[in-house]
Amino acid sequence: MSLNPAQRAAVEHCDSPLLVLAGAGSGKTRVITEKIRHLIAVRHLSAAKIAAITFTNKAAREMRERAEKLLRGVDSEGLTVCTFHSLGLKFLQIEHAAAGLRRGFSIFDTDDSASVVKDLMPRGSNAQALAAVRALMSRAKADGLSPEQAAERAQSPREREAADVYGQYQKRLAAFNAVDFDDLIRLPVALLEAHESLREAWRERLRYLLVDEYQDTNGTQYALLKLLAGPRGAFTCVGDDDQSIYAWRGADPENLHRLGTDYPNLRVITLEQNYRCARRILRAANTVIAHNPHLHPKQLWSEHAEGESIRVFECSDHEHEAERVASEIQFLAQKHKTAWNECAVLFRGNHQSRPLEKALQLLRIPYHLSGGTAFLERAEVKDVLAWLRVIANPDDDAAFLRAVAAPKREVGSTTLARLGEMANQFHLSLARAAERTDVLGNLPARSANALDGFMRVLATLRRAAHAMSAADLCRKLFQDSGQAAALRAECRDEALFERRCGNVEELAQWFDAAGKGSAGELVAQLALLTAADRDSPGNAVRLMTLHAAKGLEFAHVFIVGLEDGLLPHESSIEEGRIEEERRLFYVGITRAKTLLHLSYPRRVKRFGEVVKVTPSRFLDELPAAELHVVGRDAAQDSERSREHAGAAIARLRALFAED
DNA sequence: GGTGAGCTTCTTTAC
DNA sequence: GAAGCTCACC
């Protein structure tokens with residue numbers, strides 16, 4: 001298949017900075033991969049000097065695969081395809097000294113950083129206050145502000161509080177030899193701004209940048225792009241303002257316009273031909289998104305067939321909805337020989353997956369849940385990771401706190417609080433303080449013994465770490481730390497125990513597959529992976545949030561939970577962010593190639609009580625002529641689905657009745 | 001002083 | 001409907 005004129009222009013334009021406004025399904029990944037080939041094969045740029053930046057690791061992996069297929073016969077050695085955060089991590093691992101970090105520094109995930117914030121806030125601060133301060137702090141960091149700058153700009157008492165916490169928080173992180181997600185971008189930016197030599201070195205190292213999902217860049221990411229691209233502006237950014245769905249975490253769609261101001265010679269190319277969706281689906285998407293104000297309206301068009309109507313299922317409750325979706329998928333699979341992985345169920349929040357999983361399990365439909373509380377969130381995996389972190393970085397207090405309690409070893413909050421006090425006094429991390437006999441001497445003998453026991457195991461593992469692979473270290477510490485034994489005691493049946501050990505083994509295998517690098521470095525990389533990025537789902541129905549679905553496509557898409565208050569989400573309505581919710585819905589619609597199903601329950605359980613649901617206002621924004629509403633009255637209940645799944649549904653109902 | 005049982009909280013999205 | 005907290009128990 002050849003490129004269309006706009007795509008070709010985007011691929012071949014290399015002489016000035018380029019912005020590609022690419023509508024949904026307009027082949028933007030193709031443009032990026034073709035452009036990589038063009039840069040190497042035609043412009044004779046070394047692959048090692050090209051970086052393609054994506055938003056998720058999953059997107060990075062897919063892009064790398066596609067690029068490598070395309071680059072057969074071309075030397076693609078050293079090509080960088082990664083996320084902004086991975087690039088930042090790579091930068092910091094090389095330039096750690098300039099950043100004031102020691103080798104083996106830790107990456108604090110959202111939980112780690114939340115607990116630091118909690119620790120810094122007045123005792124008894126409620127969850128709202130904590131969340132607000134965390135959000136403001138993260139926002140300030142995403143905007144590239146230092147604590148001092150954040151304090152200067154603070155307008156409200158809460159903002160002042162956040163700026164104050166921010167300052168203390170950074171000191172704390174520095175003491176832990178740790179960085180958080182925001183720092184992975186912010187620190188490289190600060191270093192590149194401060195040191196001309198670094199700028200020169202990195203501009204030489206990366207001669208051309210391609211940025212995917214550009215509409216989701218935040219302030220610091222844009223700054224990083226500018227610093228790396230330099231005045232030459234050797235970059236291509238690809239984005240779509242209609243798919244900007246990350247403003248809540250600091251993404252600034254203004255960056256699209258900023259590009260034109262900062263680079264007057266910016267070339268803009270718009271891709272409007274959609275290669276993905278049936279026309280009906282595309283019309284529905286266009287109609288919905290037309291409700292948002294647009295600076296530069298674009299009109300997506302498609303050469304595909306009209307396709308079938310968009311089906312709207314009105315269901316009685318979440319269980320009924322899940323059952324409907326599951327049986328519809330089974331129908332598609334049986335009748336049309338649709339592969340499971342051609343079907344995706346999309347929802348607003350991770351918690352919505354539960355009833356769906358249940359219904360799919362009962363119909364024995366293989367499914368794969370992306371993100372959420374998957375693998376990396378498993379307690380046993382987090383425990384092993386905490387041990388690995390504290391082995392690599394003795395200053396990582398967050399990891400220490402988790403590791404010391406995995407398994408429980410008579411070191412409780414009181415002991416840890418006292419240890420913390422002494423660590424503060426001596427200006428030591430918890431682990432380093434716990435190594436000292438004078439510190440242990442100040443604790444009750446029993447606690448001191450327990451703590452000392454932990455430190456001995458830790459020291460032994462740390463010594464052993466140099467001589468073995470990260471994977472083997474992982475397996476060894478699982479045994480030697482006592483976690484394996486504790487897990488066996490904890491699990492009632494053998495199967496559960498096996499499964500949880502399997503999670504740890506899976507982690508070990510991930511390390512094996514990740515190849516070179518010390519355990520500490522690999523753990524750092526792992527921190528950037530979401531569950532969705534790591535595993536290959538195989539042939540299974542995909543369950544994921546609308547956010548996670550961006551960039552993907554499926555023949556059959558089910559969007560569930562079209563409830564007012566969920567999609568659009570309550571808090572977004574309150575905060576006047578309805579347009580982003582609409583874009584989210586738009587992203588969901590445009591994932592579908594041939595069939596789109598929308599559904600909502602009439603009643604849901606909330607606060608234990610049954611509450612009536614108002615169907616999403618977005619349903620009213622769809623063109624009524626394209627919709628086929630099913631189930632408004634019981635007699636209309638999808639007959640064919642019942643035929644195919646009658647028996648299973650009876651079992652389903654029985655199961656739900658049990659709960 | 002650690003740990004587990006039982007009660008109250010608010011429930012987005014994610015690198 | 002689960003995570004966080006307090007309280008009683010070991």
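Residue numbers start from 1 in every chain, and the chains themselves are labelled A, B, ... in the order their sequence lines are given, proteins ahead of strands. The basis for the numbers below is simple: all heavy atoms, side chains too, and nothing from hydrogens, waters or symmetry mates.
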Looking at A:Arg582 and A:Glu579, does any basic side-chain N land under 4.0 Å from a carboxylate oxygen?
-> no
Could you list the residues that satisfy side chain to side chain donor-acceptor pair (under 3.5 Å) with A:Arg389, not counting sequence neighbours?
-> A:Asp112, A:Asp396
Tell me which nucleotide among B:dG1, B:dT13, C:dC5 gets nearest to the side chain of A:Asn350.
-> B:dT13
Would you mind classifying the nucleic acid contact of A:Thr545 as base, sugar-phosphate or nothing, using non-hydrogen atoms under 4.0 angstrom?
-> sugar-phosphate
Report, as a single string ordered 5' to 3', how protein heavy atoms within less than 4.0 Å touch nucleotides 2-9 of chain B: B base, S sugar-phosphate only, - not at all.
-> SSS-----
Among A:Thr54, A:Ile53, A:Asp212, which one satisfies side-chain contact (heavy atoms from CB on, under 4.5 Å) with A:Thr83?
-> A:Thr54
Of B:dG1, B:dA14, B:dT12, the nucleotide closest to the side chain of A:His569 is B:dT12
Donor-acceptor pair under 3.5 Å, A:Arg577 side chain vs B:dT12 base = yes
Describe the nucleic acid contact of A:Phe84 in one word from base, sugar-phosphate, nothing, applying a heavy-atom distance below 4.0 Å.
-> nothing
Pairing residues for A:Arg186 by the side chain to side chain donor-acceptor pair (under 3.5 Å) criterion, not counting sequence neighbours | A:Tyr166, A:Asp183
Considering only NZ, NE, NH1 and NH2 on the basic side and carboxylate oxygens on the acidic side, decide whether A:Lys28 and A:Asp240 come within less than 4.0 Å.
-> no
Side chain to side chain donor-acceptor pair (under 3.5 Å) filter on A:Arg409, not counting sequence neighbours, yields none
Where the side chain of A:Lys118 is defined as all heavy atoms beyond and including C-beta, which of B:dT12, C:dG4, B:dG1 is the nearest nucleotide?
-> C:dG4
Strictly under 6.0 Å, is that where the ring centroids of A:Phe400 and A:Trp387 end up?
-> no
Within the sub-3.5 Å range, which N or O atoms of nucleotides 7-9 of chain C have a protein N or O partner, and how far apart are they?
none

Stems involving DNA chain C: give each as a range paired with a range, ordered by first number, where a stem means at least three consecutive Watson-Crick or G-U wobble pairs under 3.5 Å.
-> B:1-10 with C:1-10
When you get a sec, tell me which of B:dA14, B:dT12, C:dA2 is the closest nucleotide to the side chain of A:Arg354?
-> C:dA2
Within the stacking criterion (centroid distance below 5.5 Å, interplanar angle below 30°), does A:Trp248 stack on B:dT12?
-> no
